[in-house]
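One structure is given below, encoded as structure tokens.
As the structure lists them, so they are numbered: ligands from 1, and atoms in each ligand from 1.
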Amino acid sequence: MPLNNRSVIKGTYSPPGDKSISHRILILTGQAIGKSKIFNLLDGEDVINTLKAMRLLGAKIIKKNNTYEVFGVPPGGLLQPKKVIDFGNSGTGIRLISGLISSNNINVKLIGDNSLNNRPMKRVTKHLSRIGAKINLRKLTFPPIKIIGTGNALPLTFDILIPSAQIKSAIMLSALNTNGTVKIKEFKTTRDHTENMLKSMKYNIKVKESSMHRFIEMKNNKDLKTINYSVPGDPSSAAFLISAACLKLGSRLIVRNMLFNKTRVGFIKTLKKMGGNIKLISKRKIHNELIADLIIEQKKNLNSTVLEPVDIPLQVDEIPILSIVASFANGLTIFKGLKELTVKESDRLLLIYENLIKIGVKAEIKNYDLYIYGSCDLKKGSGYIKHNDDHRILMSFYISNIICKKNNVIKGKSCVKTSYPRFFKDISKFIN
Ligand code: S3P
């Protein structure tokens with residue numbers, strides 16, 4: 001149904017369970033002996049693939065109504081899977097579980113869909129080879145990943161030069177079955193859910209932060225305690241309706257139970273800087289994660305902004321929707337240092353740029369920096385959107401329809417199922 005001419009975003013909204021946390025809670029409860037319970041797990045395809053992978057590796061996972069019960073195997077106790085493991089579209093799933101497998105005495109082949117089979121894996125496997133795992137990649141870079149894990153992983157020190165939580169988490173998961181102390185140094189802060197969850201499961205982990213680096217130290221004690229965990233709402237999914245509410249004057253949206261971890265809500269800071277009227281109603285900490293309720297009441301048009309490269313990891317998945325916001329805000333917005341966007345589910349930098357041009361927005365790419373010449377009066381549209389089955393590109397340009405005068409054409413919408421299966425339902429419920 002066309003969205004143009006629909007006016008405001010209204011209602012009380014609970015976003016679906018967080019994707020990053022859903023992957024991690026399945027993996028970590030799958031390494032804890034005894035019964036853990038997971039509530040509000042995201043039912044997106046990416047997460048279900050991780051669930052199936054954990055089952056193939058020996059965890060028992062039972063769905064009872066909306067709760068998942070997980071009975072894990074201990075670190076080092078993964079079973080030899082009977083077949084190849086298929087991660088579909090999920091970079092997080094394949095990279096994190098590569099780390100887990102690398103320090104177990106098993107031999108596994110990991111595959112993905114067409115998009116995943118063209119994403120770089122060496123950034124992870126080069127670290128995992130150092131601990132003693134034998135790893136093979138297609139063209140030395142891409143999946144399928146063939147891993148012969150080691151039961152005797154070396155405890156090493158790792159420098160993470162590419163800002164990626166997936167690289168960091170893969171190493172941390174390999175450390176679960178590594179005797180000795182594993183040290184990790186991050187040069188830019190990335191999402192820290194693996195760290196927070198390990199602390200909540202009483203693992204021996206220390207995290208220190210200086211102005212330049214983050215240091216993680218894991219001392220193997222092989223003992224993860226079971227946990228009952230309710231997955232908070234996903235800010236990366238909520239970003240679509242929150243951004244829409246900031247763009248449409250007169251909107252009033254209440255967001256309940258949203259993850260408010262500072263490594264994930266960079267986009268809220270950006271929207272506020274642009275003039276978004278977003279307020280925190282309440283916040284609480286559960287299992288080392290900050291969770292909040294918010295209200296967005298927009299009365300004024302937005303202005304442009306500039307993001308520096310250090311800001312990007314804190315909103316890496318929200319750049320597509322922020323590009324839409326920037327297009328309908330007054331002035332020149334610059335997002336600097338977007339190289340990582342070129343290796344996501346699609347080359348997001350290129351697709352954002354091409355689609356912005358199609359819907360009538362002036363934009364430029366200069367050396368991985370994206371320039372958007374925005375105007376709140378701009379209303380063109382009628383572009384034929386190319387999304388290459390990238391869920392976040394599709395959802396972002398779908399939102400552009402609330403402003404554009406002529407509806408943009410978007411074909412093949414099923415890819416939203418990877419991260420946000422009820423996206424279109426939520427759109428019809430809250431945009432009217
Ligand atoms: C994720 C990390 C990010 C992000 C992805 C989820 C995670 O990827 O883009 O959607 O859950 O660790 P990178 O680690 O490649 O930055």
Side-chain angles (χ1 to χ4, degrees), residues 16-28 41-42 44-47 49-50 53 87-100 112 115-116 118-127 141-143 158 160-173 184 186-198 214 216 231-232 234-240 259 261 263-267 289 309-322 337-349 352 368 390-393 395-396 415-416 418-420:
D18 186 73
K19 181 155 77 72
S20 293
I21 288 190
S22 293
H23 283 293
R24 286 161 172 79
I25 195 67
L26 282 168
I27 297 171
L28 289 181
L41 187 83
L42 173 66
E45 238 172 35
D46 281 10
V47 171
N49 282 326
T50 289
F87 288 91
N89 194 245
S90 179
T92 309
I94 201 168
R95 292 190 177 120
L96 266 55
I97 290 192
S98 291
L100 191 75
S115 146
L116 188 55
N118 287 294
R119 294 181 66 188
M121 295 296 142
K122 190 148 183 220
R123 49 175 54 204
V124 172
T125 58
K126 72 170 192 194
H127 296 291
T141 310
F142 304 114
F158 299 88
I160 319 264
L161 299 174
I162 302 173
S164 160
Q166 293 176 359
I167 300 175
K168 170 179 67 176
S169 298
I171 296 169
M172 292 177 73
L173 292 172
I184 299 171
E186 264 195 305
F187 288 74
K188 279 189 191 147
T189 299
T190 63
R191 65 195 69 195
D192 59 354
H193 311 304
T194 314
E195 294 89 310
N196 296 339
M197 218 174 264
L198 282 170
R214 272 180 94 246
I216 299 166
V231 180
D234 194 331
S236 301
S237 295
F240 298 104
L259 177 69
N261 179 314
T263 65
R264 295 292 302 284
V265 290
F267 76 98
E289 293 288 358
V310 284
D311 304 321
I312 302 301
L314 311 178
Q315 48 210 308
V316 64
D317 291 338
E318 290 70 61
I319 298 299
I321 186 62
L322 288 174
L338 299 185
K339 190 164 185 210
E340 275 301 294
L341 263 76
T342 63
V343 290
K344 294 291 176 190
E345 286 83 329
S346 66
D347 180 342
R348 285 188 177 157
L349 179 56
I352 292 170
Y368 300 114
D390 182 329
H391 52 136
R392 295 200 204 282
I393 295 290
M395 291 188 277
S396 301
C415 60
V416 302
T418 61
S419 70
Y420 194 168

Which heavy atom of I160 sits nearest a heavy atom of F187, and at what distance? O-CD1, 3.4 Å
Would you say D317 has any N or O atom under 3.5 Å from an N or O of ligand 1, going by distance alone? yes
Which of the numbered atoms in ligand 1 are below 4.0 angstrom from a heavy atom of V316? 9 (O)
Nearest to atom 6 (C) of ligand 1 by heavy atom, V343, T190, L96, T92: which? T92
Between R348 and D390, is the closest basic N to carboxylate O distance under 4.0 Å? yes
Crowded around F142 CZ? As in, over 12 foreign heavy atoms under 6.0 Å? yes
Closest non-hydrogen protein atom to atom 14 (O) of ligand 1, residue and atom name please, with distance? S164 OG, 2.7 Å
Ion pair R264/E318, N-O distance below 4.0 Å: no
Under 3.5 Å between any N/O of A165 and any N/O of ligand 1: does that happen in this structure? yes
Side chain, backbone, both or neither: which part of R191 comes within less than 4.0 Å of ligand 1 when only heavy atoms are counted? side chain
Whether D18 and R191 form a salt bridge (side-chain N of Lys/Arg under 4.0 Å from carboxylate O of Asp/Glu) is what I want to check. no
Would Q166 count as a polar contact of ligand 1, with the cut-off being nitrogen or oxygen pairs under 3.5 Å? yes
For atom 3 (C) of ligand 1, tell me which residue out of K344, R119, H23, R24 has the closest non-hydrogen atom. K344
Quick test of your reading of the model: are E186 and K168 salt-bridged, counting only N-O distances below 4.0 Å? yes
